[in-house]
Amino acid sequence: MANNTKKFDKRSQNASFQKDKKPVKNNLVFKYQGDLSLGDLANKISIPATDIISFLFLKKMVTTTINQTLGEDLIKEICSHFQIKFEKEEIEKEADLIPSNIEDDEALLQERPPVVVVMGHVDHGKTTLIDAIRDSHVADKEAGLITQHIGAYQKEVNGKKITFLDTPGHEAFTAMRARGASVTDIALIVVAADDGVMPQTVEAINHAKAANVEIIVVINKIDKPTADIERVYQELSEYDLIPEEWGGSTIFCKVSAKMKKGIDELLETILVVSELLELKANPSRKALGSVIEASLDKKEGAKATLLVQNGTLRVGDYLVIGDYYCKVRRMVNEYKQNLSQALPSTPVVVTGIENVPQAGDHFRAFNSEKEAREVANARQLSSRDKALNVSKGTSLEELFASEGEIKNINIILKGDTTGSVEAVKSALLKLAVEGVKINIIHAQTGGITESDIILASASHALIYGFNVRPSAQVRQKADEEKVEIHLHNIIYALTEEIENAMKGLMKPVEVEEVLGQGEVRQTFTASKIGTIAGCYITDGLVKRNALCRIIRDGVVIYSSSIKSLKREKNDASEVKKGFECGITIENFNDIHEGDIIEAYEIKLVERK
Ligand code: GDP
């Protein structure tokens, strides 16, 4: 490099860049990433700026100055003139933030603690179990440490750590997974011994299986006199969860979360299972992981609980979380103790971040602000592109106008806490109205922003705010963009409004209802009236003005309506089965004996 530089300098001292003079060859490879100023280029390729200006002057680009920005084509031309090899260096546009996509050298992998989630039917004791496990850490209490709810905590058992996610239930678990975050290794499926397998037990089993996580069945409430463990075994065997005692391979633990019985055995079992899973990570790389929960704190601003899934997170690192970047200035654990670093499987709270991320967002740490900024910028651009490419949903009016097909309601959801956003989101996704599909194209903790309005306008979405209010400026933007903002502070009221809209959006279905049939036994022709069919009503009834079709030999030959209906020469509004009548058909006289006249109506039926 130094040699090359010298060469350039030497050459450039007496250089005069006329076409007939051959520039000096060199082996320098100049990597560039886009536009550059002339001065910067001169520095980078070690050619005096004046030489470049002379060259450009000869190319009749008289106005060149040192600050002029040179585009890619000109940079290429200058480089090739000075015989400098060049190649364009692609900036890593969207560094992969997904921990499972990152490969590590086997030699660098080390054992990491398991990440455990608790699931099961309501009231089967999930919360009590999570608390019992947390409280079983006697040493913490002796040290006067008070745990804060941060969405996850770690426990040390026999010198090894276990990470528990403390939001029980499969909904939160699956919501995270839906966002691409697979953070869990082991699911504890809690089943109350006195209640057995219940609907949400089955859901939890299926969610855990779908996520391919290891299941440990925890039979809880064994202290209850009505506990029936055999029944639980029996019921779970239907879901392929068979205990070793019965010849299966599922691990079962029996506990009383309330009495704090069997907790130590459960923790030891988790460690055994985790050893079998050979959970490993590379602590020597920069951290990667997922957001467990995040919120807007009145005092501390945006904060997030991050679970480091691979690598080590350090104070001073630059983080890209979702599409934003920030510096890790302070990191605390569940006891609010400051940490300087967090190893794999460690949950930490990071405060003072620019934006409230979403649960399930991935994060990645970088050494420099520059790297983090570039990656965040690239991610913002690509998510904007994605947002703009969202298949256009439809406005309410368009929904009314469109026929058939599944109608989409695109929704942008903003709420005050991660919990409320997740709760509203899952309530919305549970709404089922045939023919209408809810797409939550964006759900995030935080106030409604102008960029939400843009997104809503670009993708024909409605904005729903839960416990948040837009500023006057945002409202004005919404007016300009004709974007609807709906504000609520009761989940039920919000979902009811959307459900009603969904039902309202549906055009009532047109359902045909056959009234009855008559057989043409005779025909008469009257000069003014046309052909009169003398019918015998064989089924149901026929009504004057009802729609009808003429069926001959099983084939509909004409569709029209009943113009007149007479019973014994008197006009009748309807004639029932077993009676004879005279019928004329609107615009149709070619009636034959033996034809069937089928009367029907079209009814509008509201969708349920
Ligand atoms: P969750 O809805 O699954 O989180 O259930 P909770 O942890 O809130 O427990 C529901 C009820 O069951 C509470 O009244 C608990 O006190 C009770 N409970 C939980 N574990 C046990 C237990 O081991 N034995 C008994 N007898 N009651 C329990």
Side-chain angles (χ1 to χ4, degrees), residues 115-138 147-153 155 157 162-177 183-184 186-209 211 213 215-233 235-236 239 241 243 250-270 292-293 305 334 347 359 417-420 422-424 426-427 430 491-492:
V115 179
V116 181
V117 70
V118 178
M119 303 180 187
H121 193 73
V122 64
D123 277 349
H124 279 200
K126 299 180 292 294
T127 315
T128 313
L129 179 67
I130 286 170
D131 292 345
I133 292 172
R134 197 201 310 257
D135 292 348
S136 70
H137 209 321
V138 186
T147 49
Q148 315 281 320
H149 168 90
I150 64 164
Y153 64 86
K155 271 212 70 75
V157 182
I162 304 176
T163 304
F164 286 91
L165 300 182
D166 64 8
T167 309
H170 52 275
E171 283 96 350
F173 164 82
T174 302
M176 287 265 290
R177 212 163 65 77
V183 299
T184 312
I186 299 170
L188 304 184
I189 308 270
V190 177
V191 188
D194 60 336
D195 208 16
V197 172
M198 286 287 154
Q200 286 160 19
T201 318
V202 178
E203 276 180 47
I205 293 169
N206 291 337
H207 282 228
K209 281 185 176 171
V213 300
I215 291 176
I216 297 178
V217 176
V218 180
I219 303 186
N220 188 30
K221 307 197 186 184
I222 52 164
D223 58 290
K224 282 200 151 185
T226 45
D228 185 350
I229 293 171
E230 293 287 308
R231 184 182 126 209
V232 178
Y233 283 177
E235 289 172 347
L236 282 175
Y239 302 95
L241 298 176
T250 309
I251 296 173
F252 279 65
C253 286
K254 294 159 210 160
V255 305
S256 166
K258 196 172 171 184
M259 305 295 165
K260 299 193 170 47
K261 284 218 173 84
I263 305 297
D264 289 346
E265 291 80 353
L266 170 63
L267 295 174
E268 279 158 21
T269 307
I270 293 172
I292 300 297
E293 61 172 48
T305 301
E334 67 264 37
T417 64
T418 315
S420 66
E422 287 304 322
V424 173
S426 72
K430 275 185 198 144
I491 296 187
Y492 172 72

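Counting starts at 1 for both ligands and their atoms, following the listed order.
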task: Quick one: list whatever passes side chain to side chain donor-acceptor pair (under 3.5 Å) with Thr163, sequence neighbours left out.
output: Gln154
task: Answer yes or no: is there an ion pair linking Asp195 with Lys221, defined by an N-O contact shorter than 4.0 Å?
output: no
- prompt: For residues 117-131, which residue pairs qualify under salt bridge (charged side-chain N to carboxylate O under 4.0 Å, His left out), counting only residues two or more places apart or in two chains?
  reply: none
query: Heavy atoms, side chains only, cut-off 4.5 Å: are Tyr239 and Val202 in contact?
result: yes
Counterpart residues, side chain to side chain contact (heavy atoms under 4.5 Å, CB included), relative to Ala257 (two or more places apart): Thr128, Leu129, Asn220
task: Taking the side chain as every heavy atom from C-beta outward, state whether Asp166 and Arg134 have any atom pair closer than 4.5 Å.
output: yes
- prompt: What residues sit with at least one heavy atom under 4.0 Å from ligand 1?
  reply: His121, Val122, Asp123, His124, Gly125, Lys126, Thr127, Thr128, Asn220, Lys221, Asp223, Lys224, Ser256, Ala257, Lys258
